[in-house]
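Read the structure below first, then the notes.
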2 protein chains.
Amino acid sequence: MATIHDVADAAGVSTSTVSYVLSGKRPISAATRARVESAIMSLGYRPHAGARALASSRTNVLALVAPLRADVNVSVIMEFVTGVATQARTYDQDVLLLTTDDVSSIERVSSGSMIDALLMMDIETDDHRIPFLVQMRQPSVLIGVPDAPRGLSCVDLDFEAAGRLAVSHLLGLGHTRIALVGPTPLVLGRHTAYAERMLRGYRREAEQAGVETVIELSEASQPGGRDALDAALARVPDLTALVVHNEAALPGVLGRLQERGLRVPEDLSVLALCPATLAEAQPVPLTSIDIPATTIGRLAVDMAMSRVLDDGLAETRLLTPQVVERASTVALD
Amino acid sequence: MATIHDVADAAGVSTSTVSYVLSGKRPISAATRARVESAIMSLGYRPHAGARALASSRTNVLALVAPLRADVNVSVIMEFVTGVATQARTYDQDVLLLTTDDVSSIERVSSGSMIDALLMMDIETDDHRIPFLVQMRQPSVLIGVPDAPRGLSCVDLDFEAAGRLAVSHLLGLGHTRIALVGPTPLVLGRHTAYAERMLRGYRREAEQAGVETVIELSEASQPGGRDALDAALARVPDLTALVVHNEAALPGVLGRLQERGLRVPEDLSVLALCPATLAEAQPVPLTSIDIPATTIGRLAVDMAMSRVLDDGLAETRLLTPQVVERASTVALD
DNA sequence: CTGAAAGCGCTAACAG
DNA sequence: CTGTTAGCGCTTTCAG
């Protein structure tokens, strides 16, 4: 492997000049720059990441903590990860993937100076990892909003507003007998922040409107969705609208509706809370409140890098949810 | 941050002793070890990853090249990634995630000495990245088998055997009118290795048995599965068995079967080629040839690390497929 | 606009 | 069993 020394020799300059050509941190004459660049090319020179990290205390690596739980909406995670990985490259950063939710991995990569910043998914309302993040040397960004961010940056869809919006949109269409097929009991059992927030907004809006509503948690599977739908219909047989906040249950819910002879949207309106790609791929394209996972991943990187580069301030960014009308909802006459 | 020097001072030893306590590369008296370890604890010392990489030319990082394509079976990728990440930790390795399939990322992390080895998914029969991997300084493992591995290690389910097995198993149950719902045209268009191999095995076995078979490619979506099933039944109305090698199409295929009043397995046997978790989660638990994605990910790490640590030889490991009987197949009488 | 040189924190001979 | 020390390859003052 060629070193910066080899390049310097080949170009007839000092190593610091090569370094400055690479970093652009001081002016270089056109002639020198050209010689250095051609030496770099012909030697196929690449700076040694470890040496660079040691000398500059910058690693150009971002950690992404993404517990790959089977019970969690896989496609949403994928979109996040894609958004993060893609945006990271625009800052010349790579992504180190941590798939456990224990603090020791975070501690290892942080204290070991392996990373410039850390992004964390799957946030719980009272997340046990937050105290550690707070005292880390590197900035971190939460993808999700805990009850007490403790000065950390957060970014997410405003799930509380999404919950309200789901209800108010259906009310606006004249529906008053509405049920929610929610996330799995496990997700709520962990006090996953987005799930609790959505539920809170949903409940509050229903309450303020004086509408009774049924909430059925559902396993993240086809059978889970079927059961949840059955349970909801058992409680409110003359249901006219359904909100589904559980990607994996969607096929089961829709399949069971069809079996029971309930047409969407003629007999029942369905509003999903999921990525647009998923809503569009259903047999009946679903009206939905989209989860802009790719965008959120991208923003998380931007926020992290602003703190790395410009020493920017921490902030919480909540994206405003919007209903996208597709084919699964109608107004009641 | 405490350095090795601080630890050495606190313990009253030299830095090399601290280093050797950590690496275990030479004998240390119990007393010294104890003093060093307690100094490490009380200072919260962690070796600087960059410094270590620079001095030892080992990074303790594995690159995982995993193009996160929307059209590819997301759940299989997740299982791979989980297997890789989990097993990597047993070797004290972390995982750097590369989500593009261009050579430049690979080149960057390899030439920049960021990694000890590289694992690559989504292999094509004539993969353009292989020539680069061959001349890399670090060993690499292909998760999938190209036509010409060029001396690289490969690991995968034996998809050709899986294709044969799917046919022979159904023949053994007395079925002779069999159709295959295959992967998306895009996957085949890219000449993805596993898809081509499965098809080859499937075709050969059918041919040898003198059985005509219908192959319908399917988009990776619910509607895609429905269409594929309709197409297959249009061509062979008295079909008795179906092989499905497309996770995402599964719900569509099963849903459409039900709509058409075809019961599984009474009217039609279904054999899936997918991860066990998915086969079990369907409305009717599917008889399947399982794709042991977690295991393959784990093995890939083992193979990579054996080359990093012991300088082991390259090899190709093909896991033998097995049919797991669940509720979706019956013998024809 | 460019060079010299002092580290960054660790590993691994070499020496005892 | 332990210590000394020469790098590993780069960045960044300090000097000119």
Side-chain angles (χ1 to χ4, degrees), chain A residues 1-37 39-40 43-61 92 108-116 137, chain B residues 1-37 39-40 43-61 92 108-116 137 308-309:
Chain A
M1 283 284 89
T3 71
I4 198 170
H5 211 92
D6 300 331
V7 175
D9 286 353
V13 298
S14 69
T15 60
S16 58
T17 296
V18 177
S19 178
Y20 285 117
V21 165
L22 252 21
S23 70
K25 289 188 181 174
R26 82 179 182 189
I28 303 281
S29 73
T32 307
R33 172 185 306 282
R35 289 216 314 290
V36 170
E37 278 168 353
I40 288 176
L43 291 173
Y45 168 71
R46 290 267 182 190
H48 185 289
R52 180 171 265 187
L54 181 55
S56 69
S57 44
R58 276 278 314 268
T59 64
N60 283 47
V61 172
D92 199 28
R108 174 166 37 84
V109 300
S110 168
S111 305
S113 302
M114 297 180 69
I115 59 169
D116 290 337
R137 195 165 63 261
Chain B
M1 285 284 89
T3 71
I4 199 171
H5 211 92
D6 300 331
V7 175
D9 287 353
V13 298
S14 70
T15 59
S16 60
T17 296
V18 177
S19 177
Y20 286 118
V21 165
L22 253 20
S23 70
K25 289 189 182 174
R26 81 181 183 190
I28 303 282
S29 74
T32 306
R33 174 186 304 282
R35 291 216 313 290
V36 169
E37 278 168 354
I40 288 176
L43 291 173
Y45 167 71
R46 291 267 181 188
H48 186 289
R52 179 171 267 186
L54 182 55
S56 69
S57 46
R58 277 277 314 267
T59 63
N60 283 48
V61 172
D92 199 28
R108 175 165 37 83
V109 299
S110 168
S111 306
S113 303
M114 297 180 70
I115 58 169
D116 290 336
R137 194 164 64 261
V308 170
L309 301 172

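Numbers restart at 1 for each chain; the letters A, B, ... are given by sequence-line order, proteins then strands.
Put simply, the side chain of B/D116 never gets that close to the backbone of B/R58: no donor and acceptor are under 3.5 Å apart.
Taking the side-chain contact (heavy atoms from CB on, under 4.5 Å) definition, one finds that B/S57 meets it with nothing, sequence neighbours left out. Residues satisfying the side-chain hydrogen bond (donor to acceptor under 3.5 Å, both in side chains) test with B/T32, not counting sequence neighbours, are B/S29. By the side-chain contact (heavy atoms from CB on, under 4.5 Å) test, B/S14 pairs with B/S16, B/T17, sequence neighbours left out. Residues satisfying the side-chain contact (heavy atoms from CB on, under 4.5 Å) test with A/A51, not counting sequence neighbours, are A/H48, B/L54. Residues forming a salt bridge (charged side-chain N to carboxylate O under 4.0 Å, His left out) with A/R26 (at least two apart in sequence, or on another chain): none. Residues forming a side-chain hydrogen bond (donor to acceptor under 3.5 Å, both in side chains) with A/S110 (at least two apart in sequence, or on another chain): A/Q138. By the salt bridge (charged side-chain N to carboxylate O under 4.0 Å, His left out) test, B/R108 pairs with A/D94, sequence neighbours left out. Under the side-chain contact (heavy atoms from CB on, under 4.5 Å) criterion, A/A55 pairs with no residue at all, not counting sequence neighbours.
Chain A approaches DNA chain D over the interval D/dG9 to D/dC14, counting the first and last nucleotide 5' to 3' with an atom under 4.0 Å from its heavy atoms.
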Treat primed atoms plus P, OP1 and OP2 as sugar-phosphate and everything else as base, then score nucleotides 9-16 of chain C 5' to 3': B for base contact with protein heavy atoms under 4.0 Å, S for sugar-phosphate contact only, - for none. BBSBBB--
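Taking five base pairs at each end of the helix from C/dC1-D/dG16 to C/dG16-D/dC1, the local helix axes there meet at an angle of 30°, rounded to 10°.
Backbone-only contact: A/T32 has heavy atoms under 4.0 Å from sugar-phosphate atoms and none from a base.
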Please report, to 0.1 Å, the donor-acceptor pairs under 3.5 Å made by any side chain of residues 1-9 of chain B, with sequence neighbours excluded.
from, atom 1, to, atom 2, distance (Å)
B/T3, OG1, B/H5, N, 3.1
B/T3, OG1, B/D6, N, 3.4
B/D6, OD2, B/T3, N, 2.8

